Protein chains: 2
Amino acid sequence: MTTADRPYHHGELPEALIDAGLRLSRAGGAAALTLRAVTREAGVSATAAYRHFTDHDHLRRDTARRTRRALADTMLATIAELGTDLPAAETAVQRLRGVGLGYIRFALDEPGWFDLAFSMPDDPTATPDDAPGPFELLMESLDAMVATGVLSPDRRPGAEWACWGSVHGFADLVARGPLRDQERVVVDQLGRNVVEAVIAGVVAGSLDALRGPQA
Amino acid sequence: MTTADRPYHHGELPEALIDAGLRLSRAGGAAALTLRAVTREAGVSATAAYRHFTDHDHLRRDTARRTRRALADTMLATIAELGTDLPAAETAVQRLRGVGLGYIRFALDEPGWFDLAFSMPDDPTATPDDAPGPFELLMESLDAMVATGVLSPDRRPGAEWACWGSVHGFADLVARGPLRDQERVVVDQLGRNVVEAVIAGVVAGSLDALRGPQA
DNA sequence: GTGGCGATGTGTACGTTGTCAACATTACCC
DNA sequence: GGGTAATGTTGACAACGTACACATCGCCAC
């Protein structure tokens with residue numbers, strides 16, 4: 001039946017394998033991304049994957065990279081929803097808000113992909129993506145905040161880790177931790193509060209300059 | 001050689017298995033906690049574990065619980081180091097600081113245990129621990145802050161998730177993420193900044209009441 | 001054209017893992 | 001002291017990642 005079904009050479013096997021990996025991890029998280037399950041899904045023998053990926057880990061890393069792209073897309077969509085026709089300073093803060101809320105929304109909507117995205121260290125030898133990843137989007141928004149005077153430069157160093165850590169930790173609670181299976185609305189509101197707290201914590205006193213002195 | 005080495009009945013197998021699990025996960029994280037490796041380490045056949053644990057997962061959960069106890073101990077030690085002979089209000093904040101810094105210190109010192117501690121959902125059917133766990137310590141410190149007027153009651157709901165998420169996320173970056181293998185001193189300082197930012201974010205304006213009006 | 005060669009996919013096999021069923025050994029209680 | 005339940009062992013199975021030898025195809029040189 002092999003000969004009747006498909007030509008001997010698949011043609012697009014690497015893409016097909018990654019697509020299968022995305023389907024499986026979407027439903028079952030990183031643990032579902034089994035080499036054999038992926039090849040089975042693609043209608044190909046288990047060892048065929050070794051022609052295009054050195055390892056099981058290699059396939060996982062490449063698939064994880066794709067989920068990180070999906071995360072970045074969710075961030076960009078969230079930023080767009082929040083609106084960008086504002087004064088530059090407000091827009092910068094809004095971008096940080098979009099980054100954080102998009103991150104949490106992604107963890108809520110796609111817990112399987114979120115699990116995979118960060119269960120796997122990005123290998124440094126791979127060619128960097130052309131489009132900005134989640135981390136780049138965060139850095140951009142923080143830099144914009146400094147440039148527009150919302151964030152004082154002496155609070156900039158390390159701010160990316162404070163922001164990422166805070167939001168990532170909450171997203172992790174939602175996707176894999178004690179807040180999983182919690183009601184969506186509640187978690188959403190909690191997520192908003194976390195993002196606000198993060199921004200307040202990072203910006204600290206200098207946000208007052210933007211908002212005006214308000215208790 | 002089985003008869004010569006040890007008596008047929010081990011006597012303390014459950015404890016021995018968990019101890020072996022702690023040793024293995026300490027060095028290799030959650031992935032190293034293999035049922036066969038654990039039984040091998042305890043000098044016992046693979047299926048012997050099934051007399052005391054229903055599952056591989058059961059053994060993992062029980063071992064993970066122990067690592068969470070170790071985390072709580074680190075938190076308590078850190079709180080003690082920060083000093084407790086202070087006005088009640090300051091002590092409450094100090095306790096929150098100790099909770100956060102202890103969490104991060106634990107992730108730095110025992111990344112393997114930290115990985116295990118939260119790679120596994122706590123099963124709700126188990127009998128609750130007598131000693132307070134990490135989460136209880138966090139709740140206590142936040143409640144104390146409300147009681148002593150450092151934290152306004154309307155900021156209390158959900159604050160535990162904001163705090164936990166923030167600190168957990170940063171600790172995750174340190175133990176398994178891009179900040180792994182970073183220089184200890186740098187990360188430690190970053191961790192301190194994160195904890196301060198978290199406290200500032202959660203407490204927000206009401207902290208001024210404690211510290212006095214200072215820019 | 002046609003031969004051959006490199007790229008791609010297959011089949012088989014090995015070691016490891018979690019788990020089950022049947023069996024062996026021991027502690028303990030009437 | 002003998003029976004019974006608790007505890008540990010052996011052997012087996014399926015699924016996993018992976019190595020090796022082999023099969024099949026696209027494509028370029030002649």
Side-chain angles (χ1 to χ4, degrees), chain A residues 1-25 27-64 112 115-116 119-121 123, chain B residues 1-25 27-64 112 115-116 119-121 123:
Chain A
M1 61 173 64
T2 313
T3 53
D5 259 9
R6 293 287 157 209
Y8 190 90
H9 285 92
H10 187 288
E12 311 273 351
L13 229 205
E15 270 310 304
L17 291 178
I18 290 182
D19 283 349
L22 286 172
R23 243 171 303 154
L24 290 166
S25 60
L33 187 52
T34 276
L35 199 157
R36 287 181 118 105
V38 165
T39 51
R40 212 181 299 135
E41 187 94 349
V44 107
S45 90
T47 51
Y50 286 89
R51 299 296 159 190
H52 306 277
F53 302 90
T54 68
D55 243 352
H56 179 212
D57 259 34
H58 185 192
L59 172 59
R60 295 233 306 265
R61 272 197 303 270
D62 279 15
T63 314
D115 179 36
L116 177 60
S119 71
M120 194 95 293
D123 81 305
Chain B
M1 63 173 62
T2 313
T3 53
D5 259 10
R6 294 283 156 212
Y8 190 89
H9 285 89
H10 187 289
E12 309 274 351
L13 229 205
E15 271 308 307
L17 291 177
I18 291 183
D19 282 350
L22 286 172
R23 242 170 303 153
L24 290 166
S25 60
L33 186 49
T34 276
L35 200 157
R36 287 184 117 105
V38 165
T39 51
R40 213 179 297 137
E41 187 94 351
V44 108
S45 89
T47 52
Y50 285 89
R51 298 297 159 189
H52 307 276
F53 302 91
T54 68
D55 242 355
H56 179 210
D57 260 33
H58 185 192
L59 173 58
R60 294 234 304 266
R61 273 197 302 270
D62 279 16
T63 314
D115 178 35
L116 177 60
S119 72
M120 195 96 291
D123 80 307

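Computation of the quantities below employed the complete heavy-atom set of this structure, encompassing side-chain atoms and omitting hydrogens, waters and symmetry-equivalent molecules. As the structure is a prediction and not an experimental result, all values here were calculated from the model. Letters go in sequence order (proteins before strands), and every chain restarts at 1.
For B:Glu12 and C:dA27, the CD to C1' distance is 15 Å, given to the nearest whole Å. Note: CZ (B:Arg40) to P (C:dG15) measures 14 Å, nearest angstrom. Between the C1' atom of D:dA19 and the CZ atom of A:Arg36 lies a distance of 12 Å, rounded to the nearest Å. For the pair A:Phe53 CZ and D:dT18 C1', the computed distance is 16 Å after rounding to whole Å. For the pair B:His56 NE2 and C:dC20 P, the interatomic distance rounds to 14 Å; values are reported in whole Å. Nucleotide C:dT19 holds its P atom 5 Å from the CG atom of B:Asp55, rounded to whole Å. Between B:Arg51 atom CZ and C:dC23 atom P the separation is 14 Å, expressed in whole Å.
Between A:Pro14 and B:Ala37, the residue whose closest nucleotide on DNA chain C is further toward the 5' end is A:Pro14.
Put simply, the side chain of A:Ser119 reaches to within 4.5 Å of the side chain of A:Leu116, judged on heavy atoms. When side chains are defined from C-beta on, A:Ile18 counts as touching A:Phe53, because their heavy atoms get closer than 4.5 Å. Under the 4.5 Å side-chain criterion, counting only non-hydrogen atoms from C-beta, B:Arg61 is not in contact with B:Asp55.
Distances were taken from every side-chain heavy atom of A:Thr47 (C-beta onward) to each of C:dG11, C:dT19, C:dG9; the shortest belongs to C:dG11.
With hydrogens and angles disregarded, a donor-acceptor distance shorter than 3.5 Å links the side chain of A:His56 to the backbone of A:Leu33.
No engagement by B:Arg60 is indicated, since no non-hydrogen atom pair under 4.0 Å with the nucleic acid exists.
An OP1 or OP2 oxygen of D:dG8 is reached within less than 4.0 angstrom by a side-chain nitrogen or oxygen of B:His52. Residue B:Tyr50 places none of its side-chain N or O atoms closer than 4.0 Å to OP1 or OP2 of C:dC20.
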